[in-house]
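Structure first, then comments.
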Amino acid sequence: MKRSHNCGELALTHVGNTVTLAGWVASRRDHGGVIFIDIRDRYGLTQIVFDSEDNAQLHTVADRLRNEYVIAITGKVSVRPEGSENTHLPTGHIEIQADALDLYNEAKPLPFSVEDDVHASESLRLEHRYLDLRRPKMQELLQLRSQVAYLTRQYFHDQQFLEIETPILTKSTPEGARDYLVPSRVNPGEFFALPQSPQLFKQILMIGGLDRYFQIARCFRDEDLRLDRQPEFTQIDLEMSFVDREDIMSLIEHLIRLIFKETKQIDLPHPFPQLTFEESMARYGTDKPDLRFDLPLHDLSAFAKTCDFQVFRRAVEDGGMVKALVVPKGTAFTRNRIDNLIDTAREFGAKGLAWIKMTEDGELDSSIAKFFNGQDLRTALPAANPGDLLLFVADKATIVHQVLGRLRLLLGEELALIDQTRWEPLWVIDFPMFEYDEASQRHVALHHPFTAPHPEDEDLLESEPLQAKTLAYDVVLNGFELGGGSIRIHSPRMQEKVFDLLKISKEEAREKFGFLLDALESGAPPHGGIALGLDRLIMLLGQTESIRDTIPFPKTQKAQCLLTHAPSSVAPEQLQELSIRTTAKKPATP
RNA sequence: GGGGCCGUCGUUCAGCCAGGUUAGGACGCCAGAUUGUCAAUCUGGAAGUCGCGGGUUCAAAUCCCGUCGGCCCCGCCA
């Protein structure tokens with residue numbers, strides 16, 4: 001028996017037709033003389049009726065059916081008796097009167113039932129992913145992912161882009177994330193690295209004259225996992241020649257808007273708002289602000305400098321700052337809750353968290369109120385209203401922003417300030433070229449070492465490198481970094497200078513990036529690009545809470561696959577062939 | 001490397017703080033009944049080394065220590 005229709009498409013127009021459906025038994029309801037079976041496939045659910053009066057023999061066969069058996073049935077589409085329609089199902093007005101049944105496979109009782117309302121723990125779902133993938137919600141997410149990939153390919157092909165694959169076995173480079181390594185059997189003691197991104201290859205493609213490249217590229221980073229981070233993930237990656245950053249931002253903005261419109265009928269703003277890195281840090285304490293709620297950071301450094309509170313005054317005098325969050329209706333917070341906030345602020349890196357309640361009659365209520373002139377504070381912080389709670393952090397800028405930025409998010413969630421129906425994309429631009437890394441006592445690239453500096457900041461590179469801005473851009477959606485890119489350095493002299501500033505020696509630069517430097521000497525066009533995190537995009541678009549739901553076979557937080565039990569030990573002969581000996585304390589046995 | 005939450009029949013939870021009967025509910029499973037259900041219903045039944053190891057105790061699911069696993073976070077993620 002071969003199926004004539006899928007399980008989601010039959011309707012009143014098909015009544016009278018003889019059809020064949022194939023799929024899984026989703027549920028069985030036995031009424032004695034009549035048995036109802038719901039048959040499920042990717043497309044939907046259809047009710048089958050086995051009536052002992054119509055076909056006694058088939059009815060006894062149906063009696064043996066259990067959940068997740070795989071069957072095909074042939075029968076006549078009929079109208080459901082009046083009053084027994086199921087308006088929750090697209091196929092709820094019809095049913096199939098079964099005439100024949102093929103049982104392809106039985107299923108033993110399974111560890112959890114296939115339904116959207118998941119009762120199973122995530123580890124159980126991952127261990128039996130084949131069952132989990134049968135759930136309509138999971139199928140919907142993978143369908144969404146496929147649709148987005150299709151729209152992306154269509155969009156770039158229409159714009160003259162070439163889809164080009166870059167190597168998975170490639171060269172380990174310094175800087176950036178930890179590499180996944182692959183031993184080379186043919187070259188004992190040497191290793192390939194899996195790509196953290198196709199960065200260098202796509203630049204080489206531009207130098208190779210391909211002009212416009214894109215790829216839906218798998219990337220690998222051996223770092224610890226998070227809700228939105230997997231060790232292997234997928235980027236929508238592109239690079240273009242002879243463009244400026246506005247060209248790339250506009251191109252990718254159109255793609256994102258197209259994807260939201262086509263898949264979810266969501267209209268994103270046009271154009272996306274832009275914040276400089278500096279503005280974003282100053283106002284939200286982060287470079288990936290969630291703009292679905294306001295609760296900004298207020299700068300009170302000028303006021304703090306003149307107040308009597310030593311902690312505030314000294315912070316500013318020492319080159320730091322004082323900023324505040326104004327928590328609406330925060331006077332209702334109990335002392336205990338405020339103490340918890342103080343603890344949290346300390347965990348985030350603050351020395352403390354000062355607080356003042358502004359009472360309904362406009363007075364200051366706090367143990368530190370005596371240090372402040374109420375009128376001066378109200379003037380310095382006009383956003384504060386009676387009934388609000390003011391939270392202050394006084395420290396150097398990085399700490400103030402980090403602590404208040406995280407408190408802002410925490411309070412946004414706790415106070416339900418986030419409008420879940422809103423979509424707030426934005427660009428963050430003008431990132432600094434470098435930041436100073438205390439650990440290694442040197443400058444490190446904030447983006448990556450191939451990012452071009454702002455033309456007008458080139459002079460700052462040597463004099464005040466930390467002041468130099470780049471032609472980089474990040475696209476942020478609802479507080480998640482969706483992607484980032486930059487205009488690249490195309491001058492070999494500039495590239496060497498940047499390596500120099502990063503304290504990468506000439507020899508090391510030659511060894512690790514020689515091919516790029518040579519390529520830049522060969523006539524490199526100005527170029528730039530961007531990469532979007534496809535998994536995160538699907539997570540946001542599909543409104544699911546974890547990146548793991550967007551990946552058919554994800555890793556756990558320990559970077560293991562519960563389905564296949566990878567990674568695993570290998571036979572000693574395999575290691576020997578690769579000239580590898582493990583130093584693991586407990587060498588696992590294969 | 002660090003902090004937090006969790007681990008009890010196939011599944012999901014209660015019981016743990018205040019140690020003491022036969023470890024309980026729901027879903028699922030099995031059997032029977034049942035001709036209009038779609039979370040079907042009714043009756044009956046089976047099902048647990050309480051993650052693992054050690055300790056305290058007359059007695060441990062419960063208290064203590066260690067360990068393994070899942071999740072969230074910090075560090076890390078150019």
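Below, all heavy atoms of this structure are taken into account, side chains as well, without hydrogens, waters or symmetry copies.
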Specify the separation, in whole Å, of atom [atom1] of [X] and atom [atom2] of [N].
X	N	atom1	atom2	result
A/H565	B/C68	NE2	P	17 Å
A/R178	B/G75	CZ	C1'	11 Å
A/K558	B/C72	NZ	P	14 Å
A/E127	B/G7	CD	C1'	14 Å
A/K108	B/G28	NZ	P	20 Å
A/H448	B/C77	NE2	P	15 Å
A/R226	B/C71	CZ	P	12 Å
A/R64	B/C29	CZ	C1'	17 Å

Along RNA chain B (nearest heavy atom to each residue), the more 5'-positioned of A/L126 and A/P111: A/P111
5′-ward residue of the pair A/K555/A/A177 relative to RNA chain B: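 Whichever sits nearer the 5' end wins; that is A/K555.
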Using the [atom1] atom as the point on both nucleotides, what is the distance between [M] and [N], in whole Å?
N	M	atom1	answer
B/C52	B/C13	C1'	22 Å
B/G28	B/G15	P	24 Å
B/U67	B/G25	P	37 Å
B/U56	B/G45	C1'	40 Å
B/A47	B/A23	C1'	14 Å
B/U41	B/G36	C1'	12 Å
B/U22	B/G66	C1'	32 Å
B/U11	B/G54	C1'	30 Å

Any A/S123 side-chain nitrogen or oxygen under 4.0 Å from OP1 or OP2 of B/G69: no
side-chain N/O A/Q557 vs B/G69 OP1/OP2, d < 4.0 Å: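 For A/Q557, the contact criterion (side-chain N or O under 4.0 Å from OP1 or OP2 of B/G69) is not met.
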Validation row, ring centre A/Y436 to ring centre A/H443 under 6.0 Å: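 So the answer is yes for these two rings.
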Does any nucleotide pair with [N] by Watson-Crick or G-U wobble geometry, both distances under 3.5 Å, and what is it?
N	result
B/G69	B/C6
B/C30	B/G44
B/C16	none
B/C63	B/G55
B/G36	none
B/A23	none
B/C50	none

Sidechain-backbone polar pair: [X] side chain, [Y] backbone, donor-acceptor under 3.5 Å:
X	Y	value
A/Q203	A/L200	no
A/R229	A/D224	yes
A/Q495	A/L517	no
A/R178	A/D222	yes
A/N6	A/E9	yes
A/E85	A/G83	yes

Within 6.0 angstrom of A/W24 CH2, more than 12 heavy atoms from elsewhere: no
A/K137 atom NZ: more than 12 heavy-atom contacts under 6.0 Å: yes
Protein proximity profile, nucleotides 34-44 of chain B - base contact B, sugar-phosphate-only contact S, no contact -, cut-off 4.0 Å on heavy atoms: BBBBB-B----
Electrostatic pair A/R292-A/D290, nearest N-O below 4.0 angstrom: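 Looking at A/R292 and A/D290, the cut-off is met.
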Ion pair check, A/D457 and A/K469, cut-off under 4.0 Å: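 No, this pair does not count.
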So which protein N/O to nucleotides 12-16 of chain B N/O distances come out below 3.5 Å?
unit_1	atom_1	unit_2	atom_2	d
B/U12	OP1	A/S121	N	3.0
B/U12	OP1	A/S121	OG	3.3

Distance-only donor-acceptor test (3.5 Å): side chain [X], base [N]:
X	N	result
A/D224	B/G75	yes
A/R229	B/C77	yes
A/R125	B/G70	no

A/S172 and A/D179 side chains, donor-acceptor separation under 3.5 Å: yes
Residues in salt bridge (charged side-chain N to carboxylate O under 4.0 Å, His left out) contact with A/D132, at least two apart in sequence or another chain: A/R125, A/R129, A/R135
Sorted by number, the residues of residues 545-554 of chain A with heavy-atom contact under 4.0 Å to RNA chain B: A/R548
Residues within residues 526-539 of chain A bordering RNA chain B, heavy-atom distance below 4.0 Å: none
Any A/L502 side-chain heavy atom under 4.5 Å of A/F434 side chain: yes
Dump the pairs, protein N or O against N or O of nucleotides 45-49 of chain B, anything under 3.5 Å, distances to one decimal.
none

Nearest-0.5 Å distance that lies between atom CZ in A/F450 and atom NZ in A/K202: 11.5 Å
Derivation and outcome, side chain to side chain donor-acceptor pair (under 3.5 Å), residues A/Q235 and A/S197: CA-CA 8 Å; A/Q235 288 190 340; A/S197 85; 5.0 Å; no
Reference residue A/F277; test ring-ring contact (aromatic ring centres under 6.0 Å, His included); the match among A/Y473, A/Y284, A/F431: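 Result: among A/Y473, A/Y284, A/F431, A/F431 is the only option passing the ring-ring contact (aromatic ring centres under 6.0 Å, His included) with A/F277.
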